[in-house]
Amino acid sequence: MNIVDLAHPAEEVAPKLLGAVLTHKTPEGTVSIAITETEAYSGSADPASHAYRGRTLRNAVMFGPAGHLYVYRSHGLHWCANVVTGADGVATAVLIRAGRVIEGEHLARERRGNKVEGPRLARGPGNFCQALGITAEHNGTDLLTGASVELSEGEPVPAALIRVGPRVGVSKAHDWQHRFYLAGDPTVSAYRLSPRAKPAAGA
């Protein structure tokens, strides 16, 4: 994955990350997951973005440079992984929502539970991180320099398979068409409207 490809607005990068592979190498083994679902978050222009109100200690990684991993805790329960995009100093990122385990399924199952079905191992952002073994210690990792967590190109995804829709579970700007996923792929998470979401203006 070329850094030039990531140094663009999140909504442009998000569909291009479909099919790309995130790999995490640990002493226990290696897990690789091909990305099947993403969501774009556009910084100060996006009410649903962690960077909407400016830089904080929590979101500092989002401000660049592109190609780093932004990891945060969701609802105090799950870790979520984002690929930082855009120009340095502009806080945009792509949330990785789901993927298909292509290497190290045995280790992913140990982390997720042996009873979890294959397509569900990395379905949903929290499950994705759990299967991959991503936690707060990986926040800020450079994904393009061969670190223990690495982003690489995968199999090309035909444009005809890419679908676009509203983001899942956010209460603000929930109707923005910033979710990208592979049509018919069993690893893609189900759409869910946040109960706190308000109708769009003019609706």
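Residues take their numbers from the sequence shown, with the count starting at 1. All values below were derived from every heavy atom in this structure, side-chain atoms included, with hydrogens, water molecules and symmetry-related copies excluded.
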Test item: F128 and L22 side chains (from C-beta on) under 4.5 Å apart, heavy atoms: yes
Taking the six-membered ring of Y181 (Phe, Tyr or Trp), confirm whether the NZ or CZ of R163 is under 6.0 Å from its centre and within 45° of its axis. no
Look at the side chain of T141 and the backbone N and O of H138, then say whether any donor-acceptor pair between them is shorter than 3.5 Å. yes
Distance-only, no hydrogens or angles: does the H68 side chain make a donor-acceptor pair with backbone N or O of G140 under 3.5 Å? yes
Search all heavy atoms of G67 against all heavy atoms of L144 and return the closest pair with its distance. CA-CD1, 4.0 Å
Rounded to the nearest 0.5 angstrom, the NE2-CD distance for H24 and E28 is 8.5 Å
Which atom of H8 lies closest to which atom of T92, heavy atoms considered: O-OG1, 4.4 Å
Quick check on the hydrophobic clustering: are I134 and V31 connected, directly or via other members, by side-chain heavy-atom contacts under 4.5 Å? yes
Presence of salt bridge, D185 and R123, under 4.0 angstrom: no
In terms of side-chain geometry, is the basic nitrogen of E105 or R109 positioned less than 4.0 Å from the acidic oxygen of its partner? yes
Report yes or no: do S152 and E150 form a side-chain donor-acceptor pair below 3.5 Å? no
Quick one: does V164's side chain get under 4.5 Å of R179's, heavy atoms only? no
How about E37 and L182: do any of their side-chain heavy atoms sit closer than 4.5 Å? no
Nearest-0.5 Å distance, SG of residue C80 to CD of residue E39: 10.0 Å
Any chance you could lay out the side-chain contact (heavy atoms from CB on, under 4.5 Å) test for V157 and I162, step after step, and finish with the verdict? CA-CA 8 Å; V157 172; I162 299 177; 4.0 Å; yes
Contact summary for T36 and R100, nearest pair of heavy atoms: CG2-NH1, 3.8 Å
Ignoring hydrogens and geometry, is there a side-chain-to-backbone donor-acceptor pair from N139 to V71 under 3.5 Å? yes
Between S189 and R97, is a side chain to side chain donor-acceptor pair (under 3.5 Å) present by the stated rule, with each step listed? CA-CA 8 Å; S189 57; R97 284 203 53 84; 3.1 Å; yes
Are W79 and V149 connected into the same hydrophobic cluster when the rule is that any two of I, L, V, M, F, W, Y join if their side-chain heavy atoms are below 4.5 Å apart? yes
Give the cluster check for M62 versus W176: same hydrophobic cluster or not, with ILVMFWY residues linked at side-chain heavy-atom distances below 4.5 Å. no
Got a second to check how far D88's CG is from F63's CZ, nearest 0.5 Å? 11.0 Å
Is the closest side-chain heavy-atom distance between T38 and L18 below 4.5 Å? yes
Is there a donor in the side chain of E103 and an acceptor in the side chain of T30, or the other way round, less than 3.5 Å apart? no
Lys/Arg cation over aromatic Y41: R167, 6.0 Å, 45° cone: yes
Exactly one of N59, V61, L95 clears side chain to side chain contact (heavy atoms under 4.5 Å, CB included) with Y72, and that residue is L95
How long is the straight-line distance from CG of L121 back to CG of L107, given to the nearest 0.5 Å? 11.0 Å
Contact check, side chains of V94 and N82, non-hydrogen atoms, under 4.5 Å: no
Is L143 close to V83 at the side-chain level, that is, under 4.5 Å between some pair of heavy atoms? yes
Any donor-acceptor N or O pair under 3.5 Å, side chains E11, S42: yes
Can you name the closest pair of heavy atoms from A40 and A14 and give their distance? CB-CB, 4.1 Å
For the side chain of R111 and the backbone of L132, is there at least one donor-acceptor N/O pair under 3.5 Å apart? yes
If two hydrophobic side chains count as joined below 4.5 Å and joins carry through other members, does Y70 share a cluster with V90? no
Tell me, do L69 and L151 make a side-chain contact under 4.5 Å, heavy atoms counted? no
Is there a path of hydrophobic side-chain contacts, each under 4.5 Å between heavy atoms, that joins I33 and V21? no
Evaluate the side-chain proximity of Q130 to H78: yes if any heavy-atom separation is below 4.5 Å, no if none is. no
